[in-house]
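A note on names: the letters A, B, ... follow the listed sequences, proteins ahead of strands, and every chain is numbered from 1.
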Protein chains: 2
Amino acid sequence: MAEKQNTLYVGALAKGLLVLRAFDKTATELSLTELAARTGLDKSATQRLANTLFVEGMLDKDPKTKRFRPSHAWLRMAYTYFWSNPLIQLAMPRLIELSQHLGATANLAEISGDHILYVSRIPGKTSHFASTIVGRRLPALTTAAGRAILSTWPATDRAQAVATWTVEQITSQTTLDRDEIGRAIDQVADQGYAETQGQAMLGHTGVSAPVVGPDNVAFAAVQCSFPSRTWPAARIQEEALPHILEAANAIAPQVRPGRYTDEVGRLQV
Amino acid sequence: MAEKQNTLYVGALAKGLLVLRAFDKTATELSLTELAARTGLDKSATQRLANTLFVEGMLDKDPKTKRFRPSHAWLRMAYTYFWSNPLIQLAMPRLIELSQHLGATANLAEISGDHILYVSRIPGKTSHFASTIVGRRLPALTTAAGRAILSTWPATDRAQAVATWTVEQITSQTTLDRDEIGRAIDQVADQGYAETQGQAMLGHTGVSAPVVGPDNVAFAAVQCSFPSRTWPAARIQEEALPHILEAANAIAPQVRPGRYTDEVGRLQV
DNA sequence: CGTCTTTGTATTATATTATGATACTAGGTA
DNA sequence: TACCTAGTATCATAATATAATACAAAGACG
């Protein structure tokens with residue numbers, strides 16, 4: 001951030017974003033001093049930036065504790081994002097159908113750097129909070145959706161992803177072995193869908209099919225998550241898989257070329 | 001914005017936010033010149049700010065058309081917001097239950113200035129895109145949820161809201177008459193729930209119950225929307241209402257005091 | 001097919017504006 | 001009550017945003 005000495009780069013704005021990004025899942029309410037510590041900015045700068053964000057409605061401030069927290073504006077941005085992404089609109093009815101039919105969470109995931117991002121989630125009967133909220137990011141290599149997407153990429157891109165992209169222990173069963181991941185993706189390419197066991201959530205099977213563009217390359221995937229206890233492999237195979245594949249295939253032909261085929265790789269949030 | 005000559009106010013940051021806010025539902029992809037026109041900033045400023053937002057990952061830029069659009073970071077902010085709002089976590093299982101049971105969209109709405117904001121939405125069988133996405137804002141006075149919330153407020157606050165808050169023609173059936181709205185809210189206070197016909201969506205009945213805090217004042221409401229054709233008043237009364245009231249009442253006792261009871265009235269997005 | 005217009009990109013001297021050290025104030029704790 | 005911590009306010013200084021302008025590239029048009 002500080003390195004960008006470009007005159008086309010407004011440092012004050014970047015620092016403001018730094019303050020916004022100081023908040024995360026585990027730090028949802030921050031005092032001025034905490035904010036300063038997390039951003040690395042001094043007290044004065046933090047004070048000025050946080051105050052500006054407060055005045056502009058990007059942060060709420062508890063009148064008693066003086067602590068800051070994300071404001072409704074953060075949700076408002078998601079609203080605009082949803083309208084900006086045509087794929088979500090295309091996918092929504094299919095996801096609702098899927099969720100209703102299977103009783104499981106139906107997700108649309110997009111590739112975002114070397115992670116996947118849930119951009120749309122329809123909860124099923126047993127879903128709980130964490131699996132209903134959009135915006136979650138997971139390393140692509142350790143998720144069914146990520147592997148489904150990667151399986152459609154040219155061999156060289158795929159190889160590079162497998163060799164260099166983030167792997168991270170999410171659960172005790174998360175596979176970190178890149179060779180094994182590579183073989184798994186090869187298999188996905190053959191069979192047309194990805195299936196993972198407890199990679200992102202213990203006791204759950206993830207099933208995902210890529211949503212391919214006109215060039216047969218995917219940047220998104222339909223994904224469902226099933227409790228392994230009530231959904232043994234055979235049942236998934238018979239009852240769920242056809243519908244997931246159908247949903248992904250139903251969306252695919254409507255994907256315009258160009259819009260997703262050139263994602264900008266850049267600093268990740 | 002420009003008026004704030006305070007030294008605790010960072011103009012460059014505020015202008016950056018102005019650029020972000022230039023995007024909305026109907027303008028999801030903007031060129032540099034459009035951005036300049038919408039923000040009122042000159043070409044140079046817009047260039048610098050947009051470029052900074054791009055470098056920091058807040059905006060994507062189409063390499064061909066050079067047009068900017070919201071990035072995945074916009075969704076990421078929603079993710080953090082969800083974790084920051086304990087009410088959403090409390091409400092989620094109830095909303096899922098409601099939605100599954102009734103087959104209708106189940107929403108949690110919060111008051112946000114003189115609007116309500118959908119902070120959580122679980123789609124039902126027939127839901128379509130627009131009613132599945134969070135972050136939508138509607139004038140509180142013209143929605144069942146807004147009226148349900150207002151009905152719990154002290155008489156003076158209520159009267160002032162009815163007299164001064166925004167009313168806006170959303171559908172052809174939207175009521176703009178403040179006296180009529182006032183009477184409707186009085187009725188809501190008596191019966192404990194709000195019911196509206198086609199106020200926000202033609203052919204749909206909205207039903208909402210307030211989620212009250214320890215002081216019996218509400219800042220949020222559970223709301224469901226029913227197609228009037230298949231859900232005549234009597235059916236809603238018998239089959240839906242009890243569950244909606246139950247859901248709202250189930251959430252209420254868990255609402256901590258203080259957290260919602262002092263919303264900061266400030267510039268709205 | 002070449003000209004014209006529009007839109008995006010890059011540069012620079014200038015003065016506006018962010019900076020951060022410091023002093024002040026209030027709330028909580030011992 | 002005295003002390004400490006954390007938030008708030010002020011101000012001289014220098015850093016940095018500014019906006020005018022020039023350049024480049026891409027479409028539009030005859």
Side chain to side chain contact (heavy atoms under 4.5 Å, CB included) against A:T28, all qualifying residues, sequence neighbours excluded:
B:W83, B:S84
For nucleotides 7-15 of chain C, 5' to 3', base contacts (B), sugar-phosphate-only contacts (S) and non-contacts (-) with protein non-hydrogen atoms under 4.0 Å give SBBBBB---
When you measure from the side chain of A:S112 to the backbone N and O of A:L117, does any donor-acceptor pair fall under 3.5 Å?
no
Sequence neighbours left out, what passes side chain to side chain contact (heavy atoms under 4.5 Å, CB included) with A:K43? Give chain and number order.
none
Applying salt bridge (charged side-chain N to carboxylate O under 4.0 Å, His left out), name anything that partners B:R38, two or more places apart in sequence or on another chain.
B:D24
Quick check: does any side chain N or O of A:D215 sit under 3.5 Å from a backbone N or O of A:V217, one acting as donor and the other as acceptor?
yes
Report the end-to-end axis angle of the helix from C:dC1-D:dG30 to C:dA30-D:dT1; each axis comes from five terminal pairs, and the value is rounded to 10°.
50°
Enumerate the side-chain hydrogen bond (donor to acceptor under 3.5 Å, both in side chains) contacts for residues 160-169 of chain B, please, sequence neighbours excluded, ordered by first and then second residue.
B:D114-B:T166
Does A:K64 have a side-chain nitrogen or oxygen under 4.0 Å from the phosphate oxygens OP1 or OP2 of C:dG27?
no
Can you check whether B:K15 has a side-chain N or O nearer than 4.0 Å to OP1 or OP2 of D:dT18?
yes
Is there a donor-acceptor pair under 3.5 Å between the side chain of B:T39 and the backbone N or O of B:L18?
no
Under 3.5 Å, side chain of A:R76 to main-chain N/O of B:G135, donor-acceptor pair present?
yes
